Every structure is written in C-alpha cells, then in structure tokens.
S.K.: 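Attaching a single structure in structure tokens format; questions to follow.
If you're wondering where the values come from, they're calculated on a predicted model, not measured in any experiment. Order of appearance sets the numbers: ligands from 1, and atoms from 1 within every ligand. The first residue of the sequence shown is numbered 1, and numbering continues consecutively from there.
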Amino acid sequence: MEELGSWKRTCYCTEVGKQDLGKEVYLMGWVNSYRDHGGVIFIDLRDRTGLIQVVFNPVFAGTAHDKANMLRNEWVIAVQGEVRARPQDMINTKLPTGGIEVWVKELRILNRSLAVPFAIEDEIKINEELRLTYRYLDLRRPEMQKKIITRHRVVKLIRDYFDQHGFYEIETPFLTKSTPEGARDYLVPSRLNPGKFYALPQSPQLFKQLLMVAGYDRYFQVVRCMRDEDLRADRQPEFTQLDVEMSFPRPEDIYELMEEMLAKVWKEIMGLEIPRPFPKMTWDEAMDKYGCDRPDTRYGLLLKNLSDIFPNTEYRFFKQAISEGGIIKGLNAPGCASWSRKDTDDLTYALKAYGAKGLTVIRYQEEGLAGPVAKYLNADEQKLMIERLDAKVGDVMMLMGDKVSVTNEAMNQLRQMIAKKMKLVPENKFNFLWVTDFPLVEWSETDKRWKSTHHPFTSPRPEDLEKLESEPGSVKAVAYDVVLNGVEIGGGSIRIHRPEIQERVFHMLGISDEEAKIKFGFLLDAFRFGAPPHGGIALGIDRLMQILAGGNSIRDCIAFPKTQAGSDLMVNAPNEVSEDQLKELHLKIIKEDLS
Ligand code: ASP
C-alpha cells in the first residue's frame with residue numbers, strides 16, 4: 001500500500017471534460033470495474049460524482065501498468081494522468097465522461113478491499129438485511145448516494161427558506177421529560193439520580209411553545225424525534241422532523257408559509273410547479289367522502305353515505321348496522337361489472353384485516369341488479385342507491401354496513417384497493433391538501449376516556465369552548481394536517497396559551513390537577529407570565545424524502561435506518577450492556593419467561 005503523499009486531487013471524476021484534453025489530472029476514488037484488453041488495462045474509477053475511464057497502457061504507464069495488474073474492485077486508488085479523447089469507436093454515450101479517458105502515468109494504491117458481498121451498482125437483487133448490515137457499501141451505490149445527497153439539498157433549502165422568513169433555528173434538549181404525542185417514550189436512566197429517568201423527546205412541542213413565551217416569535221428546527229411505537233411497515237423509532245412555531249399566527253399564515261416552502265422544494269428538486277393555495281377540506285368532509293383523514297385525491301371513487309336509504313331494509317346486515325347506530329356506505333366502481341367472483345371475493349377477504357365482516361357487491365347489468373343481496377333490496381332502495389352512487393349499467397356497487405369507524409376504515413381501504421386494481425392512481429401527480437377542523441378528542445374504548453386527537457396543547461375552536469365539558473366529542477380543534485397523495489406529511493395546530501383553558505382541557509382528558517402539576521407545571525406556570533397566542537406545525541422529513549425519491553421504502557432515504565424490529569444491523573443495536581454499567585445506572589434486568 002502507498003500513501004497519498006503530496007498528491008492533491010484536481011477535481012472529481014465526472015468534472016473532467018473536453019476542456020481538459022491534454023491536461024494532467026489527479027483523480028482519486030474506488031475501482032468500479034477492471035478490464036484487461038490484450039495488455040491494456042481499463043478501469044472505471046468511481047467517486048461520489050460518478051465514473052471515468054482510466055487507461056493503463058504498458059508503453060505509457062510503465063511501472064504503473066504493472067501495479068495495476070493487482071487491482072480489484074473497490075480498491076482505493078489515486079492516479080496521475082493525461083486527459084485524452086477516446087477513439088471514435090470507443091465513445092460510451094451512456095457515461096457523461098464517455099468521450100474521454102485518462103491515460104495513467106502514475107498510480108498509488110491507497111487501500112485494498114475484500115470481495116464485496118454485493119455489487120456496488122443500482123440494479124441489485126439482494127435482501128435488505130444484507131444491505132443494512134453492510135450499510136457503508138450499500139450507501140456507495142449511486143442510487144443511494146443520490147438519495148442521501150438530495151436529502152442534504154432539501155434540508156439546506158428548508159433551512160435557508162426559514163432563515164429568509166425570519167425564523168431562528170434553536171436546539172431543544174434530547175434528555176428531557178415526556179411530551180405526549182400519543183406514543184410510548186424511550187427512557188434513559190439517570191446515573192446521578194438513582195431511580196430517575198429522562199425521556200427522549202417525542203417532539204420538541206413544549207420547548208417550542210416555551211420559546212414563544214420567551215419572545216423568539218419564529219422558531220424552526222430540523223430535529224430528531226423518538227417514539228417507541230410498535231413498528232408498522234415504514235415507521236422508524238427515530239425520525240427527523242421539521243418543527244415550526246410562530247407567535248400571533250392565524251392558521252392561514254402557517255398554511256402560506258408551508259405551501260411556499262413545499263412548492264419551492266418541488267420546484268428546485270423535481271422541477272415541478274405545485275399549484276397554490278393547496279385545497280382545504282374539513283375533517284368531517286374527509287371522513288364522509290373518503291372514510292379517512294388523509295385522503296388521496298388523485299382519483300375519484302368517492303364514498304357515499306347511504307344510511308338514510310335503508311331505514312326499513314330487509315337486508316339483515318344493514319338492518320343490524322343501523323339498529324346498532326352504525327352507518328351504510330357505498331362506492332361505485334365504474335365498468336367493473338365484469339369482474340369475476342374471485343376478484344370481488346379477494347377484496348372482501350382483504351378487508352377482513354380492517355375489521356369488515358363482509359362486503360355487499362351488486363353488479364349493475366343490462367337485466368338489472370345482480371348479486372346475492374340484490375333480491376333483499378326493494379325497488380325504492382335499489383333506485384335511490386343507484387342514483388346516489390351515480391351507477392350505470394356495467395358498473396359494480398360495493399356497500400358495507402357496520403360501526404362508523406369500521407365502515408369508514410374498510411371503505412377507505414376498499415377505495416384504495418380498487419384504485420390500484422383499476423390503475424386509477426396517476427404517477428407523477430402531487431396532490432397536496434390541508435385537512436382542517438379535527439375533533440379535539442377521540443373516545444378510547446380501551447381506556448374508557450377521552451384522548452387528544454393530536455396532543456393536549458391543541459387549541460379548541462373558540463366557538464366550541466362552551467362544549468368542552470358537556471360534549472367533548474363534538475369540539476373541533478384549530479388543527480390541520482398537510483396531506484400529500486394520501487400520506488400525512490405533517491400536522492400542527494394553534495395552541496392553547498391561557499392557563500385556565502389548558503387546565504380545563506387537562507381535566508377533560510382525565511388528567512388531575514396534581515398530575516398536571518407534576519407533568520406540565522412548568523408550562524402552566526409559563527402561561528401565567530404573558531404567553532402570546534402561538535401555533536405551529538411539524539413535517540416528517542423522512543416521509544417527504546421518500547415521496548420525492550419515488551421510493552418504496554423510507555429506509556432508503558435515511559443513511560443509517562433501523563429495521564422493522566427496531567435494530568441497527570450494522571452496529572448491532574440495541575445490545576446487552578455489562579453488569580457494571582447496569583449497576584452504575586442502578587438497574588437490574590429481570591429475565592422474563594416469554595414462552
Ligand atoms: N408536535 C407535533 C408533532 O410532532 C407537531 C405540532 O403540533 O406542531 O406531531
């Protein structure tokens with residue numbers, strides 16, 4: 001092996017061009033491939049910008065040629081050589097540097113490499129575990145480098161944007177106290193305070209609010225948040241969020257701020273114009289038409305509430321749904337009457353995972369309505385249903401009656417499945433949407449109490465304040481989510497800034513004065529010292545990057561992600577710690593019998 005010595009890189013591989021013909025260059029990087037053509041050795045040298053061909057001609061390169069014989073893929077080298085035009089018949093139009101090559105005079109071999117476990121190229125078919133175990137090799141692949149570098153660009157753009165809009169980036173603590181965002185905390189034992197724990201932040205929510213009380217007026221941070229949730233596909237235990245807070249804002253100010261920023265990102269990264277303002281939809285409307293609070297508006301297949309059509313129905317399932325306070329919803333799949341029984345059975349089966357007991361499928365054929373259920377529906381019901389769903393001959397109507405939550409969720413899933421099956425989801429279309437007026441709280445059947453839809457610091461709509469104690473379920477929040485193509489990419493709210501309202505909300509959530517004092521006493525105190533009205537939002541950067549990259553996996557947009565089981569396969573975390581470490585932290589591990 002040799003040292004770099006006094007060699008200084010002239011430029012990156014792909015920066016060498018026609019303008020350099022005849023010039024001497026120093027290039028450094030990895031051996032991407034090696035070919036020996038009758039004694040002349042050709043190497044594709046790779047750095048983070050791409051490839052360039054370097055040539056070891058025995059006549060020209062002398063001893064460098066002899067050394068080049070030893071090279072293997074992924075060895076690290078530096079070359080000194082002359083830029084030459086390639087012979088006409090050797091031009092590679094696929095490479096940006098395909099018209100030139102570097103004739104090496106001197107070679108320095110800086111390091112070798114073992115045979116790599118997978119090729120450093122884009123088209124690889126290997127399992128993700130191997131990629132994650134050798135993440136530093138995976139990250140060498142051009143497609144991964146592109147994603148990680150694009151992420152840098154996006155974050156830089158965001159930082160510049162907020163700076164230009166008068167926002168300060170202020171860091172908030174990682175070792176802190178629980179802020180409820182609806183997930184479990186990651187805890188860190190305190191060595192200096194036996195038996196006590198820090199919580200890693202689920203978000204900087206309370207700190208950013210306190211920065212408003214402190215008069216900073218406009219705050220943002222690109223910040224890591226940690227939530228100990230059961231990891232669904234594409235969730236990461238630690239993720240990055242763009243966190244924003246403003247004093248004296250109207251929701252419209254936050255919409256405008258974020259819309260302009262997102263439009264800028266799309267323009268600069270994708271070269272696309274995003275129409276503004278983004279459309280807005282209330283939560284009620286989203287649930288009614290789409291059965292979910294993050295609708296994908298790129299295609300139709302809207303849900304229709306049909307409950308009023310079937311008050312006296314003979315059809316057992318609908319009758320039962322209505323008598324139990326549920327709803328009946330339907331959608332019309334145009335031109336799908338020809339779907340086979342198997343097609344619709346597959347859908348019904350898939351919906352079981354979402355709690356659906358069944359799906360009523362009615363084909364609208366030339367001869368009338370077909371399907372086992374049609375005969376239970378009287379003429380009026382049939383007519384009204386067809387009208388409401390705007391069904392035509394050749395269509396198929398799909399209906400479901402169940403509890404409100406089950407019907408909405410299952411019909412939402414059905415709508416997405418049908419859209420995919422019918423290929424209705426356009427590519428390269430970006431539908432942004434604000435969903436507004438969320439319910440302040442939701443009833444938790446498991447805990448038998450009201451829980452915040454967002455978090456307990458969200459402001460109720462002023463006009464709903466009087467219902468806070470009497471009808472919490474009907475109180476709407478000044479809260480908004482920004483949704484893109486059916487994915488929630490961010491959310492926020494105007495906050496409560498008066499202590500008496502915050503206390504009322506805590507009460508309604510079943511948080512006693514004592515508990516509130518222990519957990520959030522500092523916030524209530526702060527609100528007593530001139531807290532301005534304030535509000536903000538947070539945007540998930542990982543998810544945003546995934547959408548921008550058009551990728552399937554959020555992990556591809558994070559340099560060092562965790563698996564679905566929450567492990568880092570490269571460093572092997574989490575891992576066991578020594579008895580000494582445990583002792584120092586005043587901890588004992590109780591081995592559970594998990595059998
Ligand atoms: N703290 C919220 C979250 O992390 C965002 C916000 O309300 O601004 O989801």
S.K.: Please work out which of the three classes, parallel, tilted or perpendicular, describes the rings of W434 and Y255, given edges at 30° and 60°.
M.R.: tilted

S.K.: Classify the side-chain pair S203/Q241 by whether it contains a donor and acceptor separated by less than 3.5 Å.
M.R.: no

S.K.: When you look for protein heavy atoms under 4.0 Å from ligand 1, which residues do they belong to?
M.R.: E181, S203, Q205, K208, R227, Q241, H455, G491, G492, R495, G536, I537, A538

S.K.: Return yes if a side-chain donor-acceptor contact under 3.5 Å exists between H534 and D217, otherwise no.
M.R.: no

S.K.: Show the numbers, then the answer: is there a ring-ring contact (aromatic ring centres under 6.0 Å, His included) between H165 and F167?
M.R.: CA-CA 6 Å; H165 285 72; F167 285 75; 7.3 Å; no

S.K.: Go through the steps for N412 and Q416 under the test side-chain hydrogen bond (donor to acceptor under 3.5 Å, both in side chains), then give the verdict.
M.R.: CA-CA 6 Å; N412 160 39; Q416 296 182 44; 2.8 Å; yes

S.K.: In terms of the angle between their ring planes, are F506 and F520 parallel, tilted or perpendicular, with boundaries placed at 30° and 60°?
M.R.: parallel

